[in-house]
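Pasting in a structure now, in structure tokens, and then I'll have a few things to ask.
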Amino acid sequence: MTKARSLFNRTGRILTLAALMLAFAILSVQGSAPSAPAGDDSGMPRADIIRIDGLQQFGRLERPAVVYLHEKHTQALSKKNKDCATCHLPDKKYMSTKFKRLKDSSKKEVMDIYHDNCTPCHRETAAAGEKSGPVVCTGCHQEREVASSWKEIGLDKSLHSRHVKAQENKCEACHHQFDPVAKKLVYVKGKEDNCRYCHLSQTVDNVISLRLTAHTQCIDCHRKRLAENKDAGPVFCGGCHDAGLQAKIQKLKDIPRLMRGQPDVTIIQTVKSGGEKVEPFARMSVVPFNHIGHETYSSSCRSCHHSSMDACGKCHTLQGSKEGKFVKLQTAMHRVGAQASCMGCHDRFLSDKRCAGCHASMPRRDPPDLAGCVSCHMPKPAAATPETEPKVMAAMLLEARQPVTATYADEDVPETVEIKALSKQYEAVKLPHRKIVQTLVKNIKDSKLAANFHRDPGTVCQGCHHNSPVAKKPPACASCHGQPFDGRNLFRPGLQAAYHLQCMECHKDMGIEKPSATNCAGCHKEKL
Amino acid sequence: MSISRRRFLGWLGAAGVGTTVGRSAHAAGNTHFTGHPDSLGVLFDVTRCIGCRKCEEACNKVNELPAPPKPFGDLAVLERRRRTDAKTYTVVNRYENVPGARGPLYRKIQCNHCLEPACASACFVRAFAKNPNGAVTYDESVCVGCRYCMIACPFEIPTYEYDKAFTPRIMKCTFCHPRLIKGQLPGCVEICPAEALTFGQRRNLLRIARERIGLFPDRYIDHIYGETEMGGTAWLTISGVPFRDLGMREDLGTTPAPELTKGALSVVPVVASMWPVLLTGVYAISQRRDKIAREEKTAAVAEAVAKAQAEAKAKLTETMAKAEKDKKAAIDREVKKALEEAAKAKAQESAAAPTAAAEKKPS
């Protein structure tokens, strides 16, 4: 006994010592962490990485392209009270984005401009005893991997609104159009377009690329405002393009509606390829479209109007046209997976936890489930006449279609369902049926999108009672699911798997962790 | 006996001709094999597996395998990557943090019951059989314990009872062959609560797999593992993540294992039956050639000797004749010389005689 105690004692001491040493080790590691050198070469992701590889246009590069960190240079110059003009020459209207030149004349000249300007400056700075850049070839010309935090920026409605305010409603400050007669840029009220419609990713003829547009026009304006001590946007790379800083850009809470002649409500106009409009209801039930409602769901007009501010049907005609890249109206509206199509956008919401429980296990069919057509395509209202204007017609139709997630009265929904399929091994499972239905309905109650597609009280039931007609008393699971591996119903799981897949998949998709799938007793009480 | 270059090449040529003849004859008799008609299989759907280890438990029970050290309900076992062993025909492994997966994924491992099994093709005593129902079964009564099957299997499935000194067996999943014969489901399939294992005719399983992939293209990788791997397997797998992320080999190709060794192995009977005849023939021919050469050589030597002897004789005769002639000539010459000398002496004598007579006369 004494022996045992002394053994415990000794073990205890050794353990304590070990624990102390471990704690000390951890503390010392933690202590040293903040003292790691921070600064330019800290390896933090940057948004100002420029690859100087312009000589590629004259042929293969002889040395690796230079990885140039723009902000490192602007900071160094600002300390010496030097500005952009140190490196960038003034062009016709704006400052050139090229280094010390206006155009790329020849390989030799462009190369010399860099070598004759970079190196002397680096040398002078170094001679003055300051931290400076390389002066030998390989100092700049080397393969470098710098982590990037660069993110594309767009003018969302909030940012646009702030610009409108700053420019005192002078749209012409930015928006312009090319007048082919006068051969100059003019502003046309009510014809404002998104920059990207004309300024593409590459310069085409006289229309400069979006990149060049933004880096001349935006920055020029920001600089002028800064010079006037006015509230101005960023002039350095990270201000617009650093993912972290971008997230910090002030968002307006109440964004005034952007007016550009759009209707509040309209009907989706179908157009034949020649431009001839199809009379509403001439062929199909029409789709009323709540334009003003959709404006609040998207951050920019560009979400839907991807290439022009025209109505969808203008380019996406019934048969497809060259302007619409031969994407027919049907495809443009229904294609799941497309960014700007109705169903493409609606479909993205289905991955939300509140929707995924039912929808993740529903296959996306093409053409879509025909029962869903009537959610958008509506029959002709009784009050409509051939003279009824589209706006009025749309208003009438939308009036008739109040988005409400409907469900059966509580007493019509069984409170519990007893499942006795495994009654030999376990007690019967009491499925809290009504609670499940109520939860599903509660989850989507506030969603207008969901409400539009769950107008029928039986629709929510279809999440589980699938592949059968909508009914107040839908068939029980066992009506279709029975013995597994039935050659006559190849694709149909057996009853046990049907229950388990339905419950487990839904729980997984909705992020419900308890009971875990492997915890049998979580649902099945052991038989005593 | 040393081998000349020429002879060696001769043998090589003969062997080569023998081999090509045998191979083309074999190829002509072979057709493309896509499995026994209506053979059975199992489709494992990774997206459905919940990692409950019920299949392991059922397998252990129906195959009457020894109880494991930890109970099947203990899911902590999944923390370690396991493989099949002599006491375990099937294991489920967990894969955490797989890119593109929402949570941990599970993969069941067991014999895939290849349409053309590598184990069977490697076994020289035919201990493995591919049954028309799809099961690859093992006959311990003929096994010699060489374990070639273990090396041959691309899925590392067959295991060996190393702990048995006298009657070690190869152990692997039997597709519950005895149960299939009785019309029962394999143990693992029967117990799976989520139908992660779908049982049926292999051709139907392929249809089911394609249906699932087609209806949920975002949920599945567009590939049925085992449809073509190593010429196809009876057990198929579909998954939402690349198969390599679940430890499954993607480098197996579509050629069945026997196909890979067929060329070499098909030569074996030819080598066994034809090479002795051929090489004996080659040997006999070369022997005969040797014999003839030897005889010819002897004859030539004899002839040469005879000729030399004849020549020597002739020369001797000639020499002798010449010597005789010389001798005769010498004799003649000597005789002639003697005669001349005799005549000369006689003449001198006759001249001196009157003188002597004269001298004698006065006296």
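All chains are named by letter (A, B, ...) in the order of the sequence lines, taking the proteins before the strands, and each is independently numbered beginning at 1. As a basis for the values below, the full set of heavy atoms in this structure was taken, side chains included, without hydrogen atoms, waters or symmetry mates.
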Discussion item. Check B/E250 with B/R244, please: is the shortest side-chain N to carboxylate O separation under 4.0 Å?
Written reply: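 So B/R244 pairs with B/E250 through a salt bridge.
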Practice prompt. Give me the ring orientation class for B/F155 and B/Y225: parallel if the planes are under 30° apart, tilted from 30 to 60°, perpendicular past 60°.
Written response: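 The arrangement is perpendicular - the two ring planes meet at more than 60°.
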Discussion item. Under 4.5 Å from any heavy atom of chain A, what part of B/L185 do you find: side chain, backbone, both or neither?
Written reply: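 The side chain, not the backbone.
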Worksheet item: For the residue pair A/F453 and A/H346, does the interplanar ring angle fall in the parallel (under 30°), tilted (30 to 60°) or perpendicular (over 60°) class?
Response: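 Because their plane-to-plane angle is over 60°, the rings of A/F453 and A/H346 count as perpendicular.
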Worksheet entry | Ion pair B/D38/B/R203, N-O distance below 4.0 Å |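 Counted as a salt bridge, because a side-chain N and a carboxylate O are separated by less than 4.0 Å.
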Item to complete: Check whether the side chains of B/Y89 and B/N60 place a donor and an acceptor atom closer than 3.5 Å, and report yes or no.
Response: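 Note: B/Y89 and B/N60 side chains miss the donor-acceptor criterion.
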Discussion item. Given heavy-atom pairs under 4.5 angstrom as the criterion, report whether the side chain, backbone, both or neither of A/S516 touches chain B.
Written reply: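 A/S516 has no heavy atom closer than 4.5 Å to chain B.
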Practice prompt. Sort B/L197 into side chain, backbone, both or neither according to what part of it lies under 4.5 angstrom from a heavy atom of chain A.
Written response: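 B/L197 touches chain A through backbone heavy atoms alone.
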Worksheet item: Which residue out of B/P217, B/C52, B/P193 racks up the most heavy-atom pairs below 4.5 Å with chain A?
Response: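 Going by pairs under 4.5 Å, I would pick B/P193.
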Fill in: Donor-acceptor side-chain pairing of B/T159 and B/D85 below 3.5 angstrom
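No, because no side-chain N or O of B/T159 sits under 3.5 Å from a partner of the opposite role on B/D85.
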Worksheet item: So which part of A/L501 gets closer than 4.5 Å to some heavy atom of chain B, the side chain, the backbone, both or neither?
Response: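 When you check distances to chain B, only side chain atoms of A/L501 fall under 4.5 Å.
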Discussion item. So for B/R219, is it side chain, backbone, both, or neither that comes closer than 4.5 Å to the heavy atoms of chain A?
Written reply: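 Looking at B/R219, just its side chain touches chain A.
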Fill in: Proximal component of A/M362, with respect to chain B [non-hydrogen, under 4.5 Å]
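For A/M362, the contact with chain B is made by the backbone alone.
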Item to complete: Heavy-atom pairs under 4.5 Å with chain B are the metric here; pick the option from A/A498, A/G337, A/A360, A/G487 that has the most.
Response: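 Ranked by contacts with chain B, first place is A/A360.
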Discussion item. Less than 4.5 Å to any heavy atom of chain A: does that hold for the side chain of B/F216, its backbone, both, or neither?
Written reply: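 For B/F216, the side chain is the part near chain A, not the backbone.
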Worksheet item: With a 4.5 angstrom heavy-atom cut-off, which part of B/R207 approaches chain A: side chain, backbone, both or neither?
Response: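 Contact with chain A involves both backbone and side-chain atoms of B/R207.
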Discussion item. For the interface with chain A, which of B/R102, B/K54, B/R48 has the highest count of heavy-atom pairs at distances below 4.5 Å?
Written reply: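 Among B/R102, B/K54, B/R48, the one with the most close pairs to chain A is B/R102.
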Discussion item. Using heavy-atom distances under 4.5 Å, tell me whether A/D509 contacts chain B through its side chain, its backbone, both, or neither.
Written reply: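 Contact with chain B involves both backbone and side-chain atoms of A/D509.
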Practice prompt. Could you tell me how the ring of A/H524 sits relative to the ring of A/Y426: parallel (under 30°), tilted (30 to 60°) or perpendicular (over 60°)?
Written response: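 Ring orientation, 0 to 90° scale: tilted.
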Worksheet item: Are A/Q462 and A/H454 close enough that a side-chain donor and a side-chain acceptor fall under 3.5 Å?
Response: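 Looking only at side-chain atoms, A/H454 and A/Q462 do not form any donor-acceptor pair under 3.5 Å.
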